[in-house]
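Here is the structure we will look at.
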Amino acid sequence: MVRAYILARDIFDFPALWAEIEALDGKVAAPVQNRMLIDAGRLVLRTVLWFLRTRHGKLPFSEIIELFRPGVAQLGSKLSAFLNVGDLNALNERRAELEAAGVPAGIDRVAEIYFALVGKLEMRWFGDQINALSANTHWQGLARNALRDDLARQTRLLTASVIRLSPDGTDATEMLAAWEASNHAPLSRLREMVADLKTGPALDLAMLSVAMRELRSLT
């Protein structure tokens, strides 16, 4: 189930969507945010169930994600062309309802900030180190999965913190620069730690847990 959840999360890039919804704190009513999260959760659930029922292979995560992600992106960009009239009308009504409640129409700025943070904070490197951890026992596997979830959650929270700092910002680069300036000390500590970890021995659970604590200090 954890494997199916991680695949669903990463194929649809739910962290970027969750970060966008969380960034609406104070801008839209809480029930609107809750409804959006519930709607997203339904898609997560359906995707998890699909993987549990149909994908029983043991291919690496990266291979399965790369197999499905391009198709999902293509479908999303042409969704209106595939829907029947009734479903398209329902989609447009839901979009209009959310926009009327103050939800922005686009996600480009949030996505730009999210992926910039992934690069600046070397989140993919963190993910690779977590995936490389030994999982020879049930508890080791649970610990590794918990670190994966924590990394995804911290990326969402960090994205939301950038937007909270500059709620009226329109330029992602300027917003990121302001956030980096306000977090100069913890960012320096994190970068020094990552540099040390890269030159040291193979990472273990304890070392990665300490590194994750530094990431949490940025939120």
Item to complete: Show your reasoning for whether side-chain contact (heavy atoms from CB on, under 4.5 Å) applies to R9 and W18.
Response: CA-CA 10 Å; R9 181 194 68 193; W18 291 329; 3.9 Å; yes

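- Side-chain contact between R46 and L49 is absent, with no heavy-atom pair separated by less than 4.5 Å.
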Worksheet item: Between L197 and W125, does a side-chain contact (heavy atoms from CB on, under 4.5 Å) hold up when you go through it step by step?
Response: CA-CA 11 Å; L197 291 174; W125 178 83; 3.9 Å; yes

Worksheet item: Between R3 and N145, is a side chain to side chain donor-acceptor pair (under 3.5 Å) present by the stated rule, with each step listed?
Response: CA-CA 9 Å; R3 177 184 173 87; N145 290 334; over 6 Å; no

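- You'll find the side chain of R42 reaches within 4.5 Å of the side chain of D39, heavy atoms only.
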Practice prompt. Begin with the C-alpha distance, continue with both residues' side-chain angles, and end with the deciding distance and a verdict on side-chain contact (heavy atoms from CB on, under 4.5 Å) for I163 and M175.
Written response: CA-CA 7 Å; I163 296 171; M175 295 169 68; 4.2 Å; yes

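- No continuous path of hydrophobic side-chain contacts links L43 to I38 [ILVMFWY only; heavy atoms under 4.5 Å].
- Distance check: F126 CZ to L208 CG gives 7.5 Å after rounding to the nearest 0.5 Å.
- By the 4.5 Å heavy-atom criterion applied to side chains, V2 and L142 are not counted as neighbours.
- Between A40 and L17, the closest heavy-atom pair is CB-CD2, 4.0 Å.
- Below 30°, between 30° and 60°, or above 60°: for F12 and F14 the angle between ring planes is between 30° and 60°, a tilted geometry.
- The CD atom of Q154 sits 9.0 Å away from the CZ atom of R156 when rounded to the nearest 0.5 Å.
- The 12-atom threshold is not exceeded at CZ of R213, counting heavy atoms of other residues, nucleotides or ligands nearer than 6.0 Å.
- Side-chain contact check for L121 versus L218: some heavy-atom pair is nearer than 4.5 Å.
- Residues I65 and I11 approach most closely at CA-CG1, 3.9 Å, considering heavy atoms.
- One distance of note links CG of N183 with CG of L165; it measures 8.0 Å at 0.5 Å rounding.
- Smallest separation of non-hydrogen atoms from F51 and A8: CE1-N, 4.5 Å.
- Atom CD1 of I113 sits about 9.0 Å away from atom OG1 of T173, to the nearest 0.5 Å.
- Interatomic distance, CG of D196 versus NZ of K198, reported as 11.5 Å (0.5 Å rounding).
- In this structure, the side chains of E22 and L157 come closer than 4.5 Å at one or more pairs of heavy atoms.
- In this structure, Q140 and R144 have side chains that are not in contact, with every pair of non-hydrogen atoms separated by 4.5 Å or more.
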Discussion item. Run M212 and L215 through side-chain contact (heavy atoms from CB on, under 4.5 Å) and show every step you take.
Written reply: CA-CA 5 Å; M212 290 299 298; L215 268 179; 3.9 Å; yes

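- For the residue pair I21 and Q33, the shortest heavy atom distance occurs at O-NE2, 2.8 Å.
- Across E214 and M193, no two heavy atoms sit closer than the pair CG-CE, 3.5 Å.
- Hydrophobic clustering of Ile, Leu, Val, Met, Phe, Trp and Tyr side chains at less than 4.5 Å, counting indirect connections, keeps W139 apart from I130.
- At a threshold of 4.5 Å between non-hydrogen side-chain atoms, the residues D150 and R216 count as touching.
- Side-chain contact between W50 and L7: absent, with no pair of heavy atoms (C-beta onward) separated by less than 4.5 Å.
- To the nearest 0.5 Å, atom CD of residue E180 and atom NZ of residue K120 are 4.0 Å apart.
- The shortest non-hydrogen separation linking L117 to M123 is O-CG, 4.0 Å.
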